[in-house]
2 protein chains.
Amino acid sequence: MSTSAESGGADHRTSKREETARRITLSAQRLATEHGLDGFTMDELAEAAGVARRTLFNYYPSKVDACLGPRVDVPADAMEAFARGGPTGNLGADLEHLAREVLGVEEPTREEMVLHRQLFQIPRLVEAVHDRFAELAVDLQEAVRARGGEQLDQEGALLLIRVLLVVFDTAIDASIAGDDTPLPDLFSRHFGTIRRLLA
Amino acid sequence: MSTSAESGGADHRTSKREETARRITLSAQRLATEHGLDGFTMDELAEAAGVARRTLFNYYPSKVDACLGPRVDVPADAMEAFARGGPTGNLGADLEHLAREVLGVEEPTREEMVLHRQLFQIPRLVEAVHDRFAELAVDLQEAVRARGGEQLDQEGALLLIRVLLVVFDTAIDASIAGDDTPLPDLFSRHFGTIRRLLA
DNA sequence: AGTTTGCACTGCGTATCCGAAAGTGCAAAA
DNA sequence: TTTTGCACTTTCGGATACGCAGTGCAAACT
């Protein structure tokens, strides 16, 4: 009873809230690709999504967040598993695993890929994607230190997540440049490259 | 005869030009630490250094460059050695070697260290230092590809120099935070850390 | 010769103001 | 409990203005 998810239309696959959130994001993305991020107002987005302007802010804290959709975060169980030594026990491999978990929530359809390609042409959105990953990485920093398999001070953990972020950025760049490979695979590829080069 | 370096006061250790350049930089650094980067004009710097305002720009292209001193670049021979397989043959070790070559031109005196500590409190100077290293890194990117010991495409080389830059930034951060270790050693330490963590 | 200097010039960066739209608090309505 | 309307604050982009960084050039210097 205490946890939500059943009251209302019980058996629908997606809750009404999720549906509205999706409708908002889709509208925002369409408007952004057609007119640019500054080419539409929140009022116009509200009308397009069929909700009140105020409601938009019940779902997303900002316009760019509306375009990007709900924030994803590292699944608690995956995080916990990592903290206690991770799936494989190898730091690099486990970090990669964690990153894929975040990036690869689900296989994108072809339409979605085309849409994403267009959205990635908008610098402020790319920047926002970067920032989101950076926030996740900060959480990771603590987890890495907690795990502590290798001797690792504050600085070392910071360095590690910075490198992770650089790998992510490079993957994003490749995606922007037209590489069709799914993001998790791009990440794995570049992560593997840097591991090989530094070995 | 064609190369310079002897006409004028022949046997002095430092040429007159070097001496003037140094005087300018020292004046600029003193003014910057005392009044901030925007706390003095180029006219004032000119007077402090005992040259005409116009002359400053014969030595340095900008105010921040005047504060940082002449640009250092990778010695041609070191670069060449790297390109043909480097001192050790191991990519990581050779990159580190090259970086130390650039960072460790000469041991700083204690006074210089104190001065640098103060200069690092000025964000725009830190940013400029970062940019200088980034430019060197771009040259490195080509050299790395030319060397080609490992299979390495454009993206891979880019990723590598980005990581190098992150290591450098982390070393700078440590220095700013008060770590007295000479910069080359800081770089080596962090570079070693990331190599170990990703192995 | 090459280097420094003066001077006139361009242009970049910063401060300021202003209007539009982003984002927030709150209470009524659904 | 969520949505909505409304009034509110804050932030951001554009326009203007100004000071100083930075440039081109030719005369003066060494």
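None of these values were measured; they are calculated from a predicted model. Chain A is the first sequence line, chain B the second, and so forth, proteins listed ahead of strands; every chain is numbered from 1.
Within residues 23-42 of chain B, no residue has a heavy atom under 4.0 Å from DNA chain C. The stretch residues 60-70 of chain B touches DNA chain D through B:P61, B:S62, B:K63, each having a heavy atom within less than 4.0 Å of the strand.
Put simply, CG on B:D43 is 12 Å from P on C:dC7, counting in whole angstrom units. Taking atom CD of residue A:E18 and atom P of nucleotide D:dT2, one finds them 14 Å apart after rounding to whole Å. In this entry the distance linking CZ of B:R124 with C1' of C:dC12 reads 12 Å, nearest Å. At whole-Å resolution of the value, CG in A:L45 and C1' in C:dG23 are 14 Å apart. Between the P atom of C:dG25 and the CZ atom of A:F57 lies a distance of 12 Å, rounded to the nearest Å.
A salt bridge does not link A:E47 with A:R53: none of the charged nitrogens is closer than 4.0 Å to a carboxylate oxygen. A salt bridge is absent between B:D73 and B:R132: the closest approach of a Lys/Arg side-chain nitrogen to an acidic carboxylate oxygen does not fall below 4.0 angstrom. Under a 4.0 Å N-O distance rule, the pair B:R124/B:D38 qualifies as a salt bridge. The pair B:R71-B:D65 meets the salt-bridge criterion, with a side-chain N (NZ, NE, NH1 or NH2) lying under 4.0 Å from an Asp/Glu carboxylate O. A:R84 has a carboxylate O that lies under 4.0 Å from a charged side-chain N of A:E80, or vice versa, which qualifies the two as a salt bridge.
If you take CD1 on A:I172 and CG on A:L165, they are separated by 10.0 Å, rounding to the nearest 0.5 Å. In this structure, the separation between CG on A:L26 and CZ on A:R30 is 9.0 Å, given to the nearest 0.5 Å.
A:L103 and A:P184 get closest at one heavy-atom pair: C-CG, 3.9 Å.
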Polar pairs (N or O, both sides) under 3.5 Å between protein and nucleotides 3-6 of chain C?
{"residue": "C:dT4", "atom": "OP1", "partner": "B:Y59", "partner atom": "OH", "Å": "2.7"}
{"residue": "C:dT5", "atom": "OP2", "partner": "B:A52", "partner atom": "N", "Å": "3.0"}
{"residue": "C:dT5", "atom": "OP2", "partner": "B:T55", "partner atom": "OG1", "Å": "2.4"}

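Under the rule for a ring pair (Phe, Tyr, Trp, His ring centres under 6.0 Å), A:Y59 has no partner lying at least two apart in sequence or in another chain. For A:T181, the side chain to side chain contact (heavy atoms under 4.5 Å, CB included) test picks out A:D179, A:D185, A:L186, A:R189, with sequence neighbours left out.
Paired with A:L197 under the rule side-chain contact (heavy atoms from CB on, under 4.5 Å), one option of B:L198, B:L152, B:V163 passes, and it is B:L152. With B:L140 as the fixed residue, the side-chain contact (heavy atoms from CB on, under 4.5 Å) test singles out one of B:L160, B:L95, B:V74: B:L95.
Each end of the helix from C:dA1-D:dT30 to C:dA30-D:dT1 gets its own axis from five base pairs, and the two axes differ in direction by 60°, given to 10 degrees.
Counting heavy atoms of neighbouring residues, nucleotides and ligands inside a 6.0 Å radius, atom CD of B:E111 does not exceed 12 of them.
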